[in-house]
Amino acid sequence: MAAAIMAAAIPARAKNCPYIAKVHEFVPAPGQFVHNVPQIPEGATYEEALALASECLVSTEEPNPGMVSLGAFGGYVVFAFDHPVVNVAGEYDVKIYGNAFISSAQTGGGSCEPGIVMVSVDANGNGLPDDPWYEIKGADFDGKARQENYTVTYYKPAADHTAVTSPGNPAIIDAEYIRYTSNNPDDAEGYVMQNMYHRQSYWPSWLPGSPQTLTFTGTRLPNTAQDISGNGSYWWQPFFEWGYADNLPAAQDPGIKLEWAVDASGKPANLAKADFFKVYTAQQQQCGWLGETSTEVCGAEDLHPDAKPGAGIGEIEADTTFGDPSDPFGDSSDGSSATPVYYTLQGVRIASPLPGTVCIRVASGKAEKIRF
């Protein structure tokens with residue numbers, strides 16, 4: 001099995017290659033393209049499936065070498081470049097490629113399946129994506145219909161599951177194929193339906209431990225798909241203005257900015273760089289014969305691979321006042337000596353900044369904004 005389906009060897013890379021170097025995780029939610037995009041046979045191990053996903057996304061020569069599908073809400077992929085992507089002030093930093101397209105008949109959308117982008121800094125230096133994640137603040141971040149901490153659990157169909165047809169919609173061959181429950185009171189229970197065009201298993205059987213349930217938590221964007229025809233024959237999915245993967249065609253999507261990253265409370269993360277990227281399907285909606293909304297990722301590109309962390313960071317006004325007069329650190333340091341002291345951008349004294357954060361360093365009477 002392994003010898004038959006393992007991905008091809010990855011070519012040698014030039015330093016600071018602008019394209020994906022490694023896929024760390026590939027965990028799609030149930031969906032119509034599971035086992036097909038990429039082609040992963042039944043009986044494959046997780047390591048084999050990850051190798052096949054890597055073959056689709058890792059490249060030394062082009063930004064979009066292949067495609068992986070993330071399934072319904074929550075399904076995700078985690079990847080990295082061979083270098084940190086630098087936050088260059090005011091610039092788009094990275095572009096994630098999908099397969100979105102715009103309808104010639106309806107402006108403002110077509111097939112747009114937005115995925116939320118998360119970024120992380122390798123703060124502990126172990127080369128693994130196990131540090132805090134920061135959400136890229138997209139256009140709908142302040143939308144009233146957006147649900148934070150949406151949690152959904154999918155249930156693997158029983159071996160003796162009987163398909164439930166959908167009267168009036170022959171394209172749906174099982175309207176109750178994969179059941180899910182969620183913490184959204186307006187969508188507490190539902191199904192990933194199976195359609196006649198994709199009859200293989202929609203369950204990612206290669207995941208470690210052969211789980212019978214899959215649970216994902218994240219931000220859910222509002223459902224936006226519309227049945228323009230009124231009879232289920234023509235579904236239209238509008239795009240959001242900016243800030244998501246697989247949301248706009250590549251020619252219209254300028255990318256994302258790391259300065260859009262926010263922490264769990266919605267405050268700017270002020271990252272100097274990002275080491276890891278995570279994309280997950282951000283909508284939970286069924287579109288008739290088109291199936292579930294599922295984000296696709298076709299590759300990614302660092303838009304300035306030779307940039308250095310700290311580029312564009314200058315001095316701040318010398319008369320700016322920082323710190324807490326009560327000196328909670330008890331060392332009476334005020335920045336007048338050569339020993340530096342550090343403050344957040346809000347003026348709060350901190351003992352030691354985390355790697356990749358933007359802060360204020362004061363030493364020898366001079367204040368500078370730096371990327372630590």
Side-chain angles (χ1 to χ4, degrees), residues 25 27-32 34 69-78 96 98 100 108-109 111-120 132-155 175-193 202 204 211 213-227 235-248 256-257 260-269 277-288 290-297:
E25 300 176 28
V27 184
Q32 62 184 319
V34 169
S69 182
L70 305 183
F73 176 89
Y76 68 88
V77 63
V78 177
I96 299 173
S111 177
C112 306
E113 301 177 293
I116 284 179
V117 180
M118 309 285 286
V119 297
S120 180
W133 287 98
Y134 302 92
E135 181 178 333
I136 293 297
K137 182 178 180 179
D140 195 63
F141 187 80
D142 297 317
K144 293 182 179 180
R146 173 181 181 271
Q147 181 183 351
E148 297 181 359
N149 298 314
Y150 172 73
T151 297
V152 60
T153 297
Y154 301 95
Y155 302 87
E176 298 183 4
Y177 179 39
I178 295 179
R179 176 175 168 263
Y180 69 80
T181 58
S182 82
N183 62 350
N184 183 330
D186 297 324
D187 186 29
E189 182 178 22
Y191 294 91
V192 176
M193 302 179 188
Y202 291 13
T213 63
L214 290 171
T215 298
F216 299 94
T217 297
T219 297
R220 175 179 171 174
L221 296 177
N223 291 348
T224 53
Q226 300 176 33
D227 175 12
W235 287 86
W236 178 75
Q237 298 161 295
F239 58 77
F240 293 91
E241 290 185 25
W242 46 269
Y244 304 102
D246 199 21
N247 174 61
L248 286 166
I256 62 171
K257 300 180 180 182
W260 295 341
V262 295
D263 62 19
S265 65
K267 297 179 180 178
F277 294 79
K278 177 179 181 179
V279 180
Y280 66 88
T281 300
Q283 290 182 315
Q284 182 72 290
Q285 63 184 5
Q286 296 284 317
C287 301
L290 278 180
E292 81 290 338
T293 293
S294 55
T295 300
E296 274 76 54
V297 175

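Predicted model only: the values in this text are computed from it and were never measured. We use all heavy atoms of the structure for the numbers below, so side chains are in, but hydrogens, waters and symmetry mates are not.
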Working to the nearest 0.5 Å, report the span between [atom1] of [X] and [atom2] of [Y].
X	Y	atom1	atom2	value
Gln226	Gln237	CD	CD	10.5 Å
Arg179	Tyr154	CZ	OH	13.0 Å
Glu296	Thr281	CD	OG1	7.5 Å
Glu292	Leu70	CD	CG	10.5 Å
Thr181	Tyr155	OG1	OH	3.0 Å
Thr153	Phe216	OG1	CZ	9.5 Å

So, does [X] use its side chain to make a donor-acceptor pair with the main chain of [Y] at under 3.5 Å?
X	Y	result
Ser182	Asp187	yes
Glu113	Thr293	no
Asn247	Cys112	no

I'd like to check [X] versus [Y] (side-chain heavy atoms, cut-off strictly below 4.5 Å). Are they in contact?
X	Y	result
Tyr280	Phe73	yes
Gln147	Asn183	yes
Val297	Phe277	no
Val27	Pro204	no

Least distance between heavy atoms, [X] atom then [Y] atom:
X	Y	result
Ala175	Tyr191	O-CB, 3.4 Å
Gly243	Trp260	CA-CZ3, 3.9 Å
Gly31	Val192	CA-CG1, 4.4 Å
Ala29	Ala72	CB-O, 3.4 Å
Pro30	Ile178	CB-CD1, 3.5 Å
Asp246	Ser294	OD2-O, 4.1 Å

Worksheet item: Would a line drawn from the ring center of Tyr177 to the ring center of Tyr202 be shorter than 6.0 Å?
Response: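 Here the rings of Tyr202 and Tyr177 have centres that are less than 6.0 Å from each other.
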Discussion item. For a salt bridge (Lys or Arg N to Asp or Glu O under 4.0 Å) check, start with the C-alpha distance between Glu135 and Lys137, then their side-chain angles and the critical distance, and finish with the verdict.
Written reply: CA-CA 6 Å; Glu135 181 178 333; Lys137 182 178 180 179; over 6 Å; no
Discussion item. Taking CD in Glu241 as the centre, count heavy atoms belonging to other residues, nucleotides or ligands within less than 6.0 Å. Is the count above 12?
Written reply: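 12 or below, so no.
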Discussion item. Assess the residue pair Tyr244 and Phe239 against the criterion (side-chain contact (heavy atoms from CB on, under 4.5 Å)); give the C-alpha distance rounded to whole Å, side-chain angles, the decisive distance to 0.1 Å, and a yes or no.
Written reply: CA-CA 9 Å; Tyr244 304 102; Phe239 58 77; over 6 Å; no
Worksheet item: Which of these passes side chain to side chain contact (heavy atoms under 4.5 Å, CB included) with Thr295: Val279, Val77, Ile116, Ile96?
Response: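 It is Val279, the one option of Val279, Val77, Ile116, Ile96 that forms the side chain to side chain contact (heavy atoms under 4.5 Å, CB included) with Thr295.
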Discussion item. Assess the residue pair Phe141 and Thr219 against the criterion (side-chain contact (heavy atoms from CB on, under 4.5 Å)); give the C-alpha distance rounded to whole Å, side-chain angles, the decisive distance to 0.1 Å, and a yes or no.
Written reply: CA-CA 9 Å; Phe141 187 80; Thr219 297; over 6 Å; no
Discussion item. Less than 3.5 Å apart, any donor N or O on the side chain of Thr224 or Gln283 sitting next to an acceptor on the other?
Written reply: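 Short answer, yes.
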Worksheet entry | Tyr150 and Gln284: CA distance, side-chain angles, deciding distance, side-chain contact (heavy atoms from CB on, under 4.5 Å) verdict | CA-CA 10 Å; Tyr150 172 73; Gln284 182 72 290; 3.5 Å; yes
